[in-house]
Structure formats: structure tokens, C-alpha cells
Novice: 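Got a structure for you, questions after.
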Amino acid sequence: TGALGAADLYEGIPAIVWRAKKLYPGNVPWKLLLHGAQAQLALGDETAFREAAQALQKRRDLPEAVMQYLGELQGQH
């Protein structure tokens with residue numbers, strides 16, 4: 001997903017995240033979920049972005065810097 005985002009190919013990222021959630025419920029790495037949220041934002045789906053960001057912010061393993069980053073993104077949109 002990182003390579004897709006770097007190449008501005010955001011369309012495929014939500015499907016990868018969805019597939020990972022189905023295959024590994026409750027055990028998807030926060031970095032993958034973050035890439036999914038960023039892709040939703042880049043695709044203009046602010047509702048999906050907010051839902052993903054809020055779910056991420058509830059995780060205990062999310063670094064504080066990422067928590068702040070998500071808060072800033074939410075404040076901008």
C-alpha cells in the first residue's frame with residue numbers, strides 16, 4: 001500500500017485494506033489501516049476517511065505522533 005500511495009495509485013488501497021480486515025479480523029497492522037485512511041482522503045471520500053481515522057485513534061498500539069497526525073488531518077477536512 002505504501003508503494004501504491006507513493007505512485008498516487010490510491011484506488012487499489014481500500015480493497016487491500018478491506019481484504020486484510022476479512023482475512024485477519026482484529027489483527028490488521030495500524031500502518032496498513034493508516035494507508036487506507038490516507039487513500040480515502042486522497043480519493044475525496046471524507047466520510048470513509050473520518051471513520052477510518054476514528055477507528056485508528058482507538059487502537060492502543062498507535063504511536064502518539066500518528067495520533068496527532070490523524071487529528072491534524074481531521075481538523076483540516
Side-chain angles (χ1 to χ4, degrees):
T1 56
L4 289 173
D8 293 333
L9 299 173
Y10 306 109
E11 296 83 10
I13 297 172
I16 293 169
V17 173
W18 180 85
R19 209 170 307 134
K21 287 180 178 180
K22 294 297 178 191
L23 290 172
Y24 309 104
N27 200 24
V28 178
W30 66 262
K31 289 180 183 180
L32 179 60
L33 298 174
L34 177 61
H35 290 167
Q38 291 169 318
Q40 295 292 3
L41 189 58
L43 292 169
D45 190 342
E46 291 187 23
T47 301
F49 163 73
R50 287 193 187 280
E51 290 172 0
Q54 289 171 358
L56 265 168
Q57 289 174 319
K58 293 178 184 174
R59 291 184 59 131
R60 295 177 189 240
D61 62 341
L62 191 69
E64 183 61 33
V66 177
M67 182 84 70
Q68 291 175 0
Y69 169 71
L70 285 171
E72 291 170 9
L73 285 179
Q74 288 179 350
Q76 294 173 7
H77 296 277

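Position 1 is the first residue of the sequence, and the numbers go up from there.
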Novice: I need the minimum non-hydrogen distance between L34 and L70, along with the two atoms involved.
Specialist: CD1-CD2, 3.8 Å

Novice: Which atoms form the tightest heavy-atom contact between Q57 and G71, and what is the distance?
Specialist: NE2-N, 3.6 Å

Novice: Search all heavy atoms of L33 against all heavy atoms of K21 and return the closest pair with its distance.
Specialist: CD2-CE, 3.6 Å

Novice: Could you tell me the separation between the CD atom of Q54 and the CZ atom of F49, rounded to the nearest 0.5 Å?
Specialist: 9.5 Å

Novice: Below 4.5 Å, heavy atoms only, C-beta onward: do P29 and Y24 meet side chain to side chain?
Specialist: no

Novice: Is there a path of hydrophobic side-chain contacts, each under 4.5 Å between heavy atoms of I/L/V/M/F/W/Y residues, joining L43 to L9?
Specialist: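 In one cluster with L9: L43, yes.
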
Novice: So E11 and L4, do their side chains get closer than 4.5 Å, heavy atoms only?
Specialist: no

Novice: Quick one: CD on Q40 to OG1 on T47, what's the gap to the nearest 0.5 Å?
Specialist: 10.0 Å

Novice: What heavy-atom pair brings L32 and A20 nearest, and what distance separates the two atoms?
Specialist: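 Taking every non-hydrogen atom into account, CD2-CB, 3.5 Å.
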
Novice: Measuring from atom CD1 of I16 to atom NE2 of H35, what distance do you get when rounded to the nearest 0.5 angstrom?
Specialist: 11.0 Å

Novice: Rounded to the nearest 0.5 Å, how far does CE of M67 lie from CG of L62?
Specialist: 5.0 Å

Novice: If you look at every heavy atom in A37 and L56, which pair is closest and at what distance?
Specialist: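 Smallest interatomic distance, heavy atoms only, reads CB-CD1, 4.4 Å.
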
